[in-house]
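Right, one structure below, let's go through it.
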Amino acid sequence: MNETKNDNAWNKIFAQYDIIEEVQDNGQYIISAKDIKEFREPRLMVKFDQITSKPKKFKENHLSILPISRREYIISNFDSHHKLESKIHNTMNVEFPNCVESIDINNIYSESIALNSASAIGIISDFFDVNKNELIATVNGKKGSGKFDFKVDRKTGDELNVKVSNSQIEVDGAWESWDFLSLFEAKLDFMDDFIIRQLYYPFRTFEQIVNKEIRNVFFIYSNNQFSLYEYFFDDKFDYNSIKLTKQSHYSLYDGEVELEDVTGVYESINMVSEPKTPFPQANSFGRVISLCEHLKSEKLNKQQIAEKYSFDERQSDYYTNAGIYLDLIKKENINRVAFFSLTETGEKIFNLFYKEKQLELVKCILKHEVFYKVFKEYVKTGEMPSKHVIVDYMYKSNLYNIESPDTFERRSSTISGWIKWILNLTESEI
């Protein structure tokens, strides 16, 4: 399996410095930004927003990294990430204000625009259950953290004490009332987990500045939906004491996706021939949607996609190939570099409002024979087919360039993942 630029650079760093031995003997290794920069830009080397974005050396040795100043980082085998809780189904429908013409709600391409849209709609005031006039937008951007200490859990079962001095933090948005200051970390992609540091460091910074409650919010905008997760730290000195207190979800619907809408698409499907392109290895269909939303506003190459999503270029291949398979994404060479953008079909679909867009995406999936057969099996039995059954359907569907049994098994998880996405569009059972 090909290694990424981050993998290659960290391999060289681990070969030059006794990082693993130091962590085993002393529980930690302090590395300078200067040492990292000899191999690659630190900004790119330490951005592990999700567990999947960790370089191979970190994954193999159960390591992670946190900044402790503007010049130094600490590496240890600590628990740095938090698994995002399952999304609840009770979603509130909202409307975008008619008076706002400067934001195209079908083309939200940055975290700041997503937050401004949520504020304009009244989502943020509703989430905090306060009058809109009681909230004032305040700080955002980068800032020094000041000084604070904390403890963090290690994989070995003990704790590590960490001292932070003027590390750089970033706040995507903040709203303040008489009673509290809310600090937002915003994303344009649904994810399985996130690095706690993005909430914890701003919390510890501002709890030393303001004399009121700090409310920490992890905010996601994707596919016309806003999701807000509020967390608190049970012990402010404990990095891992993070607890979910509330989650709410809001959708810019042009109507609910009903059971009969999905079954109507399924019953009227016209099958297409299997394309001569790699069969998808991209379990999260939500991320396929998110990538298409990004490509709606700009062309991106593999490295830019990897940086935007904090994963490696191999995963960029997985998700761009998934879009190409569905005829949503196309590839073109510009100055010998492959760039990706939406196809004519993709442009058409991603200019639709929520309901019609979801149903068109369902059609894009089910018009491929293997997905149709697996969905049909679910309709018949009321249960997701086993991996064995899915693989059997794959063997019979003339898939392009898949030969080994291991590859069939790995790719089967994409099929079950996409079918689950379809099923989750409606709360009713099919």
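In what follows, residues are counted from 1 in the order of the sequence shown.
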Exercise for review: Kindly confirm or rule out a cation-pi arrangement of K236 over F203, judged by NZ or CZ under 6.0 Å from the six-membered ring centre and within 45° of its axis?
Suggested key: no
Exercise for review: Using the ring of F180 (Phe, Tyr or Trp, six-membered ring only), decide whether R215 places NZ or CZ under 6.0 Å from its centre and within 45 degrees of its axis.
Suggested key: yes
Can you find a side-chain donor-acceptor pair between [X] and [Y] that sits under 3.5 Å?
X: D172; Y: Q198; result: no
X: Q247; Y: Y231; result: no
X: E22; Y: Y17; result: no
X: S404; Y: D406; result: no
X: N424; Y: K87; result: no

Exercise for review: Assess the pair Y250 and F96: is the distance between their ring centroids shorter than 6.0 Å?
Suggested key: no
Point to revise | Pair F58 + F14: ring centers closer than 6.0 Å | key: yes
Practice item. Determine, step by step, whether W10 and F39 satisfy the ring pair (Phe, Tyr, Trp, His ring centres under 6.0 Å) criterion, reporting the C-alpha distance in whole Å, the side-chain angles of both residues, the deciding distance to 0.1 Å, and the verdict. Key: CA-CA 8 Å; W10 276 112; F39 300 89; 8.8 Å; no
Donor-acceptor list for residues 135-143 side chains, cut-off 3.5 Å, not counting sequence neighbours:
none

Practice item. Salt-bridge test for K363 and E360: reply yes if a basic N is under 4.0 Å from a carboxylate O, no otherwise. Key: yes
